[in-house]
Colleague: 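Mind having a look at this structure? Questions to follow.
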Amino acid sequence: VQLQASGGGLVQPGGSLRLSCAASGRTFSTLPMSWFRQAPGKEREFVAASRWGGMTHYAGSVKGRFTISRDNGKNTVYLQMNSLNPEDAAVYYCAASESRLIVSSLPNPAMYDYWGQGTQVTVSS
């Protein structure tokens, strides 16, 4: 199983980016796929998750600005990021789990079985 993340880059404060994560080798249509991020010197933190039935979950810091979505036909999950600010700058990782995680488990990186390589998001004027 491989996850390929893409879409990162440099954006000005207030700008937008859309990240993509394409999965291959396994269909994740009924399993959770999530985004995490890690800034220099900080721990990896949960950003957003997409579970079965269209359920989505967000970290408080991104709620209302970020939107996670998935295209099961393409085995791809997206992260639309709007109103970006410098605190959002980090390496963003997509992750997938073989288990139907409960909500309380979603933010725990240890609950995920597969990780993408990360894509850098820089927010600067």
Colleague: Could you check Y112 against L106 for side chain to side chain contact (heavy atoms under 4.5 Å, CB included), going step by step and ending with a plain yes or no?
Modeller: CA-CA 9 Å; Y112 293 82; L106 292 170; 3.7 Å; yes
Colleague: Looking at every heavy atom in both W115 and P109, which two are closest together, and how far apart are they?
Modeller: CZ2-O, 3.5 Å
Colleague: Would you mind reporting whether N82 and S16 have side-chain heavy atoms less than 4.5 Å apart?
Modeller: yes
Colleague: State, to 0.1 Å, how close A5 and Q117 come at their nearest heavy-atom pair, and which atoms those are.
Modeller: O-NE2, 2.7 Å
Colleague: Please say yes or no: joined through hydrophobic side-chain contacts below 4.5 Å, possibly via intermediate residues, are V123 and L19 part of one cluster?
Modeller: yes
Colleague: Answer yes or no: does atom CD of Q2 have more than 12 heavy-atom neighbours from other residues, nucleotides or ligands under 6.0 Å?
Modeller: no
Colleague: Please determine if R44 forms a cation-pi arrangement with Y93, meaning its NZ or CZ atom is less than 6.0 Å from the six-membered ring centre and no more than 45° off the ring axis.
Modeller: yes
Colleague: Can you confirm whether S6 sits close enough to T119 that some side-chain heavy atom of one is under 4.5 Å from a side-chain heavy atom of the other?
Modeller: no
Colleague: As an exercise, state the distance from CD of Q80 to OG of S69, rounded to the nearest 0.5 Å.
Modeller: 8.0 Å
Colleague: Quick one: does S83's side chain have a donor or acceptor within less than 3.5 Å of a partner on R65's backbone?
Modeller: no
Colleague: Does the plane of the ring in Y114 sit parallel, tilted or perpendicular to the ring in F28? Use 30° and 60° as the thresholds.
Modeller: perpendicular
Colleague: Looking at every non-hydrogen atom in both residues, tell me the closest pair between A89 and A39 and how far apart they are.
Modeller: O-CB, 3.8 Å
Colleague: Report whether V47 and V77 are members of the same hydrophobic cluster (ILVMFWY, side-chain heavy atoms less than 4.5 Å apart, transitive linking).
Modeller: yes
Colleague: Kindly indicate, with the supporting measurements, whether the criterion side chain to side chain contact (heavy atoms under 4.5 Å, CB included) is fulfilled by L31 and S97.
Modeller: CA-CA 6 Å; L31 297 175; S97 175; 5.8 Å; no
Colleague: For the CZ atom of R100 and the OG atom of S105, what is their distance to the nearest 0.5 Å?
Modeller: 14.5 Å
Colleague: How close do T56 and I68 get, counting heavy atoms only, and between which atoms?
Modeller: CG2-CG2, 3.6 Å
Colleague: Y78 and Y92: same hydrophobic cluster, using ILVMFWY side-chain contacts below 4.5 Å?
Modeller: no
Colleague: Taking C-beta and beyond as the side chain, do L84 and F66 meet within less than 4.5 Å on heavy atoms?
Modeller: yes
Colleague: Taking all heavy atoms of V1 and all of R26, pick out the closest pair and write down the distance.
Modeller: CG2-CB, 3.5 Å
Colleague: What distance do R70 atom CZ and R51 atom CZ have between them, rounded to the nearest 0.5 Å?
Modeller: 11.0 Å
Colleague: Rounded to the nearest 0.5 Å, what separates atom CD in Q120 from atom CD in Q38?
Modeller: 11.0 Å
Colleague: Quick one: does any side-chain atom of R18 pair with a main-chain N or O of G7 as donor and acceptor, under 3.5 Å?
Modeller: no
Colleague: According to a hydrophobic-cluster definition based on side-chain heavy atoms being under 4.5 Å apart (Ile, Leu, Val, Met, Phe, Trp, Tyr only), do W35 and V91 belong together?
Modeller: no
Colleague: Does the side chain to side chain contact (heavy atoms under 4.5 Å, CB included) test come out yes or no for N75 and S24, once each step is laid out?
Modeller: CA-CA 7 Å; N75 224 19; S24 59; over 6 Å; no
Colleague: Looking at S34 and F46, what are the two nearest heavy atoms and their distance?
Modeller: OG-CE1, 4.2 Å
Colleague: R37 and side-chain contact (heavy atoms from CB on, under 4.5 Å): which single residue from V121, D88, L79 fits?
Modeller: D88
Colleague: In Å, rounded to the nearest 0.5 Å, how long is the span from OG1 of T67 to CE of M81?
Modeller: 11.0 Å
Colleague: Would you please test L3 and M33 for side chain to side chain contact (heavy atoms under 4.5 Å, CB included) and show each step?
Modeller: CA-CA 10 Å; L3 302 181; M33 295 185 73; 4.2 Å; yes
